[in-house]
Amino acid sequence: MHENNEKRREQQLNFWGALAMSVFAAVYLIAAFLIQNISTAQWYDSPSLFPKVIGFLLLVWLLIYLWQNRSGWQIAPADIAAIKAYFKSSAFLRLVISVASLAIYVFVLLGLQIGPFRLPYEAATFLYLFGTMTYFRPRGFAIWKIVLISAALSFVIGYGFSNFAKIPLP
């Protein structure tokens, strides 16, 4: 009985995850078709060819996966209660906080500009890492270690991308 519930739960997660990813793949494919082609480009050397191929293949594979797990679309009343309990749990709160902190890092810290001053990539990365690691740290883990880890990672990532990989950072 327990094994049957686990199999049903796995099919539900697979179905709803594949459905969400199929929506993403469809939006990605639409965006790929909206990429402007240069006037001299043929379909085979267009800048939109690779995104179209990736979007199409991703959508096809996800639809196949969705079909394989089609019996997982049904949600039992016990599952609804478990879903409601999850949305009230501390694990969900931590998930929301981690996604929100990543969004703040990408959309606010990396683009922060006050007059002519722009927050350097390394400083933005340090603030993100420090804030996230401070929130998720285990009890008794020293703040000075978080500062050290955040500073070292920010420097190594920034230096490595800009000097070794020659990739300009935001």
Side-chain angles (χ1 to χ4, degrees), residues 6 9-36 46-62 64-66 69 72 82-170:
E6 284 185 23
R9 186 75 173 142
E10 182 180 346
Q11 280 188 328
Q12 285 176 335
L13 292 172
N14 290 343
F15 175 82
W16 292 104
L19 184 64
M21 287 301 295
S22 297
V23 170
F24 169 78
V27 170
Y28 180 85
L29 190 57
I30 290 168
F33 276 100
L34 295 176
I35 294 174
Q36 295 293 321
S46 164
S48 66
L49 178 63
F50 186 69
K52 287 176 185 174
V53 169
I54 294 298
F56 178 74
L57 291 175
L58 185 61
L59 187 61
V60 167
W61 291 329
L62 283 166
I64 291 169
Y65 194 63
L66 194 63
N69 292 284
I83 291 169
K84 286 180 181 178
Y86 173 71
F87 283 134
K88 294 177 183 176
S89 71
S90 64
F92 180 71
L93 177 63
R94 292 168 69 90
L95 173 68
V96 169
I97 289 172
S98 65
V99 169
S101 67
L102 184 61
I104 289 169
Y105 169 65
V106 171
F107 297 113
V108 176
L109 289 177
L110 289 178
L112 186 63
Q113 187 167 356
I114 302 169
F117 174 75
R118 182 176 179 91
L119 188 65
Y121 172 81
E122 291 82 0
T125 303
F126 172 79
L127 291 172
Y128 167 72
L129 288 174
F130 178 76
T132 304
M133 289 171 47
T134 301
Y135 179 76
F136 289 109
R137 73 183 169 137
R139 293 188 196 275
F141 195 81
I143 293 288
W144 69 267
K145 291 179 182 178
I146 293 174
V147 170
L148 184 66
I149 292 168
S150 299
L153 278 174
S154 300
F155 175 76
V156 168
I157 291 170
Y159 188 80
F161 271 95
S162 62
N163 293 330
F164 294 124
K166 302 291 185 203
I167 297 173
L169 296 171

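What you see is a predicted model, and the numbers here were worked out from it, not measured in a lab.
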For L59 against S22, the heavy-atom pair lying closest together = CD1-O, 3.6 Å
request  = Look at atom CZ of F161 and say whether more than 12 heavy atoms of other residues, nucleotides or ligands are closer to it than 6.0 Å.
outcome  = no
ask   = Does S162 reach the side chain of Y121, with side-chain heavy atoms less than 4.5 Å apart?
value = no
query = Are any non-hydrogen side-chain atoms of I143 and R137 less than 4.5 angstrom apart?
reply = yes
remark   = Heavy-atom closest pair (Y86 atom, A91 atom, distance to 0.1 Å) is CE1-CB, 4.3 Å
note = In this structure, OG1 of T132 is separated from CZ of F136 (nearest 0.5 Å) by 7.0 Å
ask   = Say you draw a straight line from CG of L148 to CG of L153; how long is it, rounded to the nearest 0.5 Å?
value = 9.5 Å
request  = Can you measure from CH2 (W144) to CD1 (I146) and round to the nearest 0.5 angstrom?
outcome  = 11.0 Å
note = dist Q12:CD -> F15:CZ (nearest 0.5 Å) comes out at 10.0 Å
ask   = Strictly by modelled atom types, are Y128 and S150 linked by a side-chain donor-acceptor pair under 3.5 Å?
value = no
message = Just so I know, are the side chains of Y159 and E122 near enough to count as touching, which here means a heavy-atom distance under 4.5 Å?
response = no
remark   = Heavy atoms of L19 and L66 approach each other most closely as N-CD1, 3.6 Å
task = Side-chain contact test, heavy atoms from C-beta onward, threshold under 4.5 Å: evaluate it for L58 versus Y28 and give yes or no.
result = no
ask   = With a cut-off of 6.0 Å (strictly less than), are more than 12 heavy atoms of other residues, nucleotides or ligands near CZ of F141?
value = yes
inquiry  = So, taking the atom named OG in S101 and the one named CG in L127, what distance separates them when rounded to the nearest 0.5 Å?
reply    = 12.0 Å
key: Rounded distance (nearest 0.5 Å) linking atom CD1 of I35 with atom CD1 of I30   = 13.0 Å
message = On a heavy-atom basis, which atom in S154 and which in L129 lie closest, and how many Å separate them?
response = OG-CD1, 3.9 Å
ask   = Where do Y105 and T125 come nearest, in terms of heavy atoms and distance?
value = OH-OG1, 2.8 Å
note = Looking only at heavy atoms, the pair that brings L29 and K52 closest together is CD1-O, 3.5 Å
